[in-house]
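Some notes on the structure that comes next.
Below, read A as the first sequence line, B as the second, and so on, with proteins coming before strands; counting in each chain starts at 1.
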Amino acid sequence: MAVATEERVLTGQQFMNGDVACAEGALAAGCSFFAGYPITPSTEIAERLARRLPAVGGRYVQMEDELASMAAILGASWAGAKSMTATSGPGFSLMMENIGLGMMTEVPCVVVNVQRGGPSTGLPTLVSQADVMQAKWGSHGDYEPIAYSPASPQEMFDLTVKAFNAAERYRLPVFVLGDEVVGHMTERVTIPPAAEIDIVDRKRPSAPPDDGWLPYAPDDDLIPPMACAGEGYGFHITGLTHDERGYPTGDPLVHDRLVRRLSRKIQVHANEICEVEKLHTDDAEVVVIAYGATSRAARHAVLAARERGIRAGLLRLITLWPFPRGVVKELGNTARRFVVAELNLGQIAREAERYTRLPISLVNHAGGMMLPPEVILRAIMEAEA
Amino acid sequence: MSGEIVVNAHPLDDLLRADRLPHIWCPGCGLGPIMACMANAMADSAIPIDKHVVVSGIGCTGRVAGYLKVDSFHTTHGRPIPFATGLKLAKPELQVTVFSGDGDLFAIGGNHLIHAARRNVDINVICVNNFNYGMTGGQAGPTTPMGARTSTTPYGNVDPSFNLPRLAATLGAVYVARWTSLHVRQLEKSIRRAIKKEGFTFIEVLSPCPVGFGKSNNLGEGLDEMELYRTNCVVYPEADLSQADIELKHDSTIIVGDFVDIERPVYGAGGGEE
């Protein structure tokens, strides 16, 4: 690897767009490998890392497509690197194949999806939040993903760091589900000193290589320690259903045990993973659930409703997956109604319905434009009426 | 059979996952001797076994990764080359070999092979060509000769087939060879050369697939196809590769040999600055 010629962490007050902040968050988290394919509106992440990674001793590779990009970051992670790719909906679709391999073989890495309007080529330059369920269910089979939803350039930085830490801690590809507005918005981003940034590294085998080492024997936290290629462990990794030795098997009992563990290792840690921000929810009769760019408009709407004497509150989802079901259940006991604001046809609204019996009003748009605060405010007033 | 143990150990036991044997390959398949060539070449290389990594895609050849006792990855269909690219670039000290089949590398994975060769990533690709999709029961693929009968070409294959060494040479692979599962000494030597060579190397190895392909194309059992290799192969390293198509008929020759050995700048050799 090259010698570092620039600082890895750009400590201080920066003025940058969300995509660039995401790239800087990756560097601050220790990312040393990026493989990607240019796609609007995520391209600035690749451009930033193409310049910055070599300057801090890392490696940027432009691959032939998103299938290859995802495969390459899995390979790099097995080589011991913290690795990442960035894309948008069409590329996210192509990555699903190897996201599945990453889930099945438990590979720490980060996949950033700066969402644009879909399906298909959709609205390349315009915002949407319609890949929420794709992040949950996009690859075949059962697994439990982690997805963060940044609402500002600052959070593009902060949550990219968290995404790397969660990937390393829980051993899976972790998603940052940005959107075009947050990706292209330029704001102040405060980057802390490197020493103040919390960094998590994957669990390593506690014993030196020997013939008895089991690459998929989990600890009590359901997560197996991870050896990397070239360290002498001589492991075998397969996307086939595998036992604790990593060997393929067609045994339905082994399959059931493996797939349940892949989900349970996230579910049992959901409380430490899930993050929300609450604004005026304690006495709120109407709680607006929003996330990403839409939550900014929702915040204005909630504050405007308060000025009108309406007891409105905002539940901003910072993690979309695992879904913060506990807080929705709790607020269902104190509020009278939910309003879900999102740029899709009701993906999170439908998820919220699973955890409350309160009526839910959906205020939404398929994408291409932001929801104006007034539209959300109207929904709050109608809900309150 | 008395069940008497004739030998207690195989010379390659240290390089094989003996606890996974017997393997899943059919009687007459050429993958066994081809894998042994790989194991011997790794053992003879100056590189410690711990630094050898084998990456496979999906299919019969894809199972090679699971039998070699090195860090090994059985990835997704068509994607072993970009996976290997990530491994190699993130940890250049690794000696990375992609071991996969013709369908995996040239149909679903064709685009990745093209671009890895263009970049001249320092990985070795060993492509076992059995002229069909064996794992799924003998369907036509990009190497199936025209006219051949498979379960998806019941009236004879109408697709022209790829000439793999010609394609690899055109793409800029720095070392290109073709052998068969009969040519074990030549193949082992080729793999040793590929391991030493810096850059993207490509070796095609023809293998009988008596169950998936041989039976329906009058090639007989595995041994019969090996006999065809013996009588019809011509070692011709200087061959014009445009003449190296394979018809796989009893009256057609198969050109084999070390065809290409050139130098090109290796991708990423200068670290991150290039």
All heavy atoms of Pro248(A) vs all of Arg20(B), minimum pair found to be CG-NH2, 3.3 Å

Closest heavy-atom pair, Tyr267(B) versus Tyr60(A), reported as atoms and distance to 0.1 Å, is OH-O, 4.2 Å

Is it true that atom [atom1] of [X] has more than 12 heavy atoms of other residues, nucleotides or ligands lying nearer than 6.0 Å?
{"X": "Tyr37(A)", "atom1": "OH", "answer": "no"}
{"X": "Asp142(A)", "atom1": "CG", "answer": "no"}
{"X": "Phe162(B)", "atom1": "CZ", "answer": "no"}
{"X": "Lys197(B)", "atom1": "NZ", "answer": "yes"}
{"X": "Glu7(A)", "atom1": "CD", "answer": "no"}

query: What part of Ala229(A) lies closer than 4.5 angstrom to a heavy atom of chain B: side chain, backbone, both or neither?
result: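 When you check distances to chain B, atoms from both the backbone and side chain of Ala229(A) fall under 4.5 Å.
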
Bottom line for Leu74(A): the part with an atom under 4.5 Å from chain B's heavy atoms is both

*Given the options Val55(B), Ile81(B), Thr75(B), Val53(B), which has more heavy-atom pairs under 4.5 Å with chain A than any of the others?*
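Option with the top pair count is Thr75(B).
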
Among the listed options Gly66(B), Pro80(B), Ala116(B), Gly86(B), the residue most often paired with chain A at heavy-atom distances under 4.5 Å =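 The residue among Gly66(B), Pro80(B), Ala116(B), Gly86(B) with the greatest pair count is Gly86(B).
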
When the 4.5 angstrom heavy-atom criterion is applied to His77(B) and chain A, the contacting part is backbone

With only heavy atoms counted, which part of Ala84(B) is less than 4.5 Å from chain A, the side chain, the backbone, both or neither?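 For Ala84(B), no heavy atom lies under 4.5 Å from chain A.
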
(Q) Between Asp71(B) and Gly234(A) (side chain of the first, backbone of the second, donor and acceptor by atom type, cut-off under 3.5 Å), is there such a pair? (A) yes

Spell out, as yes or no, whether a donor-acceptor pair under 3.5 Å connects the side chain of Arg59(A) to the backbone of Gly268(B).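 Yes: the side chain of Arg59(A) pairs with the backbone of Gly268(B).
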
- Quick one: do Arg119(B) and Glu64(A) make a salt bridge, cutoff under 4.0 Å? yes

Of the listed Cys228(A), Ser77(A), Ala72(A), the one with the largest count of heavy-atom pairs under 4.5 Å with chain B is Ala72(A)

Query raised in the report: Taking C-beta and beyond as the side chain, do Pro82(B) and Met70(A) meet within less than 4.5 Å on heavy atoms?
Result: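 No, too far: nothing below the 4.5 Å cut-off.
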
(message) Would you say that Leu101(A) contacts Phe83(B) through its side chain, given a criterion of any heavy-atom pair below 4.5 Å between the two side chains?
(response)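 With C-beta onward as the side chain, the pair touches.
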
Spacing of Leu87(B) atom CG and Trp78(A) atom CH2 [to the nearest 0.5 Å]: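 If we round to the nearest 0.5 Å, Leu87(B):CG and Trp78(A):CH2 are 10.0 Å apart.
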
Could you tell me the separation between the CZ atom of Arg17(B) and the CZ atom of Phe235(A), rounded to the nearest 0.5 Å?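 Between atom CZ of Arg17(B) and atom CZ of Phe235(A) there are 9.0 Å.
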
Go through Arg79(B) and Leu67(A) one step at a time and tell me if the side chain to side chain contact (heavy atoms under 4.5 Å, CB included) criterion holds.
CA-CA 8 Å; Arg79(B) 319 297 169 217; Leu67(A) 303 163; 3.8 Å; yes

Might you work through the side chain to side chain contact (heavy atoms under 4.5 Å, CB included) test for Asp65(A) and His112(B), ending with a clear yes or no? CA-CA 9 Å; Asp65(A) 56 32; His112(B) 309 309; 3.4 Å; yes

Next item on the list: Let me see the working for His74(B) and His236(A) under side chain to side chain contact (heavy atoms under 4.5 Å, CB included), right down to the final yes or no.
Entry: CA-CA 8 Å; His74(B) 181 225; His236(A) 178 58; 3.8 Å; yes

*Can a donor-acceptor pair be found between the side chains of Tyr247(A) and Asp19(B) at a distance below 3.5 Å?*
yes

